[in-house]
Amino acid sequence: MSRLFMFEKPLGMRDTLPELYEKKHQIRSVIAETMKLWGYQFIETPTLEYYETVGAASAIADQQLFKLLDKEGNTLVLRPDMTAPIARVAASKLLSEDLPVRLAYSANVFRAQQREGGRPAEFEQIGVECLNEDTVSCDGETIALLISSLKKVGLPQFQVSIGHVGFAQELFMQILGTNGRATALRKFLYEKNYVGYREHVNSLQLSSIDKQRLLQLLQLRGGEEVIGKALDIIENGKGKQAIIELQELWDVIKDYGIEEMVKFDLSIVSHMSYYSGILFEAYAGNVGFPIGNGGRYSLIEKFGKKATATGFAVRLDMLLEAMGGVQLENRAHCILFSGERRRVAFQLAEKMHNQGKTTILQDITGVKNLDAFTKRFAETSFLIGGNSDE
């Protein structure tokens, strides 16, 4: 192994400098307050979990887990997501009365990257989990909350795409017969490689009718009209039940008045094996990956409690990228002072702090480039010096 450079960081790790940190803080605070208004309570879980419990249940590929050993020789992991830790807590401590529970979180998760490619190995998620509630109303609630949260932070344009894990899976099983043969098609869909999907379908030894059914899956995108088109290509079974759930969900979405922000996309699949029903992804301009995603899952059962849940997570780094040039409020006031007016400056700063105003105190003799410094706080800086108080 070559010697590391002094300023080198582990693969996929990033520093968050003050300006970016403040933007993340403001966005996180707005989303968190929105979640609280919808009745979700925040929870924290350990950064380290046991590999055999949360690590194995997370559905994150084993090679992406950060592993280490404790002094007893147990294998630990840095949490790769938040859904599995919350499922652990819920199953052990929160679901004894068999009532719905609404939880929220904001935390960093860790997934090792085999190559950099600009993808972080540590990133922050903020999200919710609606536990022990198996109604379509709950699915609609989480989608409506996701949309409300993105609106509150001022994201100018975005869209939520909705699918169902049972539809594509049932279609593949009806036509291909085995889960193994369906895996390749799911991989193309997850990677959004629609050219590869079409080429693979055309290479299969199938009837022209079955090939057409598989290719039509890519066209099942849009509004309520997608429901009828989906029913035309699926036979009886779980696939039709999935479409019935999506029709019920559309009615919930219309009652929330958010149908303009939503479309169906029945080609959506997930690499998370614990998803069991409705799936959704949020997309915004200039970002090639979902800024948020979620759906219904059955992960809690792995921790010994029979219950389903639904939830979503927003990637704060992706959301910041999607917001691009959106300027967030700079709430800092800067008081520049000279030595003879130092006490006056301190007293003014204390008064402003008591009013809840962010205030920076700066001795002008400590600034080498005063013009550049004052430009940073052009609208909120003032000088106390000489014979003037302000």
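Quantities reported herein were computed from a predicted structural model and do not represent experimental measurements.
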Would you please test Arg102 and Glu141 for salt bridge (Lys or Arg N to Asp or Glu O under 4.0 Å) and show each step?
CA-CA 11 Å; Arg102 287 169 168 80; Glu141 175 184 309; 2.9 Å; yes
Neighbour count >12 (heavy atoms, 6.0 Å) for atom CD, Glu260:
no
Got more than 12 heavy atoms from elsewhere within 6.0 Å of CD, Glu350?
no
So does Leu17 get a backbone contact from the side chain of Asp15, meaning a donor-acceptor N/O pair under 3.5 Å?
no
Measure across Arg88 and Pro46 and return the closest heavy-atom pair with its distance rounded to 0.1 Å.
NH2-CD, 3.6 Å
Could you tell me if the side chain of Phe280 sits less than 4.5 Å from the side chain of Thr142, heavy atoms only?
yes
If you count heavy atoms of other groups shown closer than 6.0 angstrom to CD of Glu72, is the number above 12?
yes
Nearest 0.5 Å please: distance from the CZ atom of Phe337 over to the CG atom of Asp363.
4.5 Å
4.5 Å side-chain heavy-atom contact, Leu217 and Tyr197:
yes
Here the gap from Ile31 atom CD1 to Gln26 atom CD, rounded to the nearest 0.5 Å, amounts to 12.0 Å
Look at the side-chain heavy atoms of Ile, Leu, Val, Met, Phe, Trp and Tyr, link any pair under 4.5 Å apart, and say whether Ile27 and Phe42 land in one connected group.
yes
Parallel, tilted or perpendicular: ring planes of Tyr275 versus Tyr297, cut at 30 and 60 degrees
perpendicular
Taking every non-hydrogen atom, the tightest pair across Ile234 and Gly239:
CG1-CA, 3.8 Å
Heavy-atom distance under 4.5 Å between the side chains of Leu94 and Val89, does that happen here?
yes
Are Val314 and Phe123 connected, step by step, through hydrophobic side chains (Ile, Leu, Val, Met, Phe, Trp, Tyr) whose heavy atoms are closer than 4.5 Å?
no
Pi-cation contact, Tyr274 with Lys302 (under 6.0 Å, within 45°)
no
May I ask whether Leu279 and Leu220 are part of the same hydrophobic cluster, defined by side-chain heavy atoms of I, L, V, M, F, W, Y residues being less than 4.5 angstrom apart, directly or through others?
no
Hey, could you give me the CZ/CG distance between Arg342 and Leu361, rounded to the nearest 0.5 Å?
11.5 Å
Check: Leu218 and Leu189 side chains under 4.5 Å, non-hydrogen atoms
yes
Any side-chain heavy atom of Arg315 within less than 4.5 Å of one from Pro120?
yes
Is it the case that atom NZ in Lys306 sees more than 12 heavy atoms from other parts of the structure closer than 6.0 Å?
no
Minimum heavy-atom separation for Thr135 and Arg296, please, with both atom names.
O-NH2, 3.3 Å
Does the side chain of Asp139 come under 3.5 Å of the side chain of Thr310 through a donor N or O and an acceptor N or O?
yes
Is a donor from one side chain sitting under 3.5 angstrom from an acceptor on the other, for Thr83 and Glu129?
yes
For a quick test of reading the model, state the closest non-hydrogen atom pair linking Thr178 to Met173 and the distance between them.
C-SD, 3.6 Å
Please confirm whether the backbone N or O of Leu145 pairs with a side-chain atom of Ser148, one donor and one acceptor, at under 3.5 Å?
no
In terms of heavy-atom contacts, does NZ of Lys67 have more than 12 from other residues, nucleotides or ligands at under 6.0 Å?
yes
Check whether more than 12 heavy atoms from other residues, nucleotides or ligands sit under 6.0 Å from atom CD of Gln41, and answer yes or no.
no
Can you find a heavy atom in the side chain of Thr75 that is under 4.5 Å from one in the side chain of Leu69?
yes
Just so I know, are the side chains of Gln125 and Tyr105 near enough to count as touching, which here means a heavy-atom distance under 4.5 Å?
yes
side-chain contact (heavy atoms from CB on, under 4.5 Å) evaluation trace for Glu22 with His25:
CA-CA 5 Å; Glu22 181 59 24; His25 172 72; 4.2 Å; yes
Would a 4.5 Å heavy-atom cut-off, applied to side chains only, mark Met272 and Ile60 as touching?
yes
Side-chain donor-acceptor pair under 3.5 Å between Asp210 and Gln174, yes or no?
no
Treating Arg111 as the side-chain partner and Pro80 as the backbone partner, does any N or O pair qualify as donor plus acceptor under 3.5 Å?
yes
Transitive ILVMFWY side-chain link Leu299 to Tyr51, under 4.5 Å:
yes
Quick one: do Glu191 and Lys187 satisfy salt bridge (Lys or Arg N to Asp or Glu O under 4.0 Å)? Show the steps, please.
CA-CA 6 Å; Glu191 295 174 349; Lys187 186 173 186 293; 2.7 Å; yes
With the threshold set at 4.0 Å, does a side-chain nitrogen-carboxylate oxygen contact exist between Glu281 and Lys192?
yes
Do Phe188 and Val165 share a hydrophobic cluster, counting only Ile, Leu, Val, Met, Phe, Trp and Tyr and linking them when any side-chain heavy atoms are less than 4.5 Å apart?
no
Begin with the C-alpha distance, continue with both residues' side-chain angles, and end with the deciding distance and a verdict on side-chain contact (heavy atoms from CB on, under 4.5 Å) for Phe172 and Arg181.
CA-CA 8 Å; Phe172 293 158; Arg181 296 183 69 193; over 6 Å; no
Can you measure from CG (Leu319) to CD (Glu124) and round to the nearest 0.5 angstrom?
11.0 Å
If you draw a 6.0 Å radius around OH in Tyr50, do more than 12 non-hydrogen atoms from other residues or ligands fall strictly inside?
no
Give the intermediate values and the outcome of side-chain contact (heavy atoms from CB on, under 4.5 Å) for residues Val252 and Ile143.
CA-CA 10 Å; Val252 175; Ile143 293 169; over 6 Å; no
Heavy-atom neighbours of Glu97 CD exceed 12 at 6.0 Å:
no
Please find the pair of heavy atoms, one from Ile268 and one from Gly163, that lie closest to each other, and give the distance.
CD1-N, 4.0 Å
side-chain contact (heavy atoms from CB on, under 4.5 Å) evaluation trace for Ile86 with Leu131
CA-CA 10 Å; Ile86 288 179; Leu131 307 155; 4.3 Å; yes
Heavy atoms only: give me the nearest Lys305-Leu95 pair and the separation to one decimal.
NZ-O, 3.2 Å
Rounded at 0.5 Å granularity, tell me how far CG in Leu206 sits from CG in Leu176.
6.0 Å
Would you please classify the geometry between the Phe66 ring and the Phe110 ring as parallel, tilted or perpendicular, with 30° and 60° separating the classes?
perpendicular
Asp317 CG to Arg14 CZ distance, which is reported to the nearest 0.5 Å:
6.5 Å
Taking NZ, NE, NH1 and NH2 as the nitrogens, is one of them in Arg213 or Glu235 under 4.0 Å from a carboxylate oxygen of the other?
yes
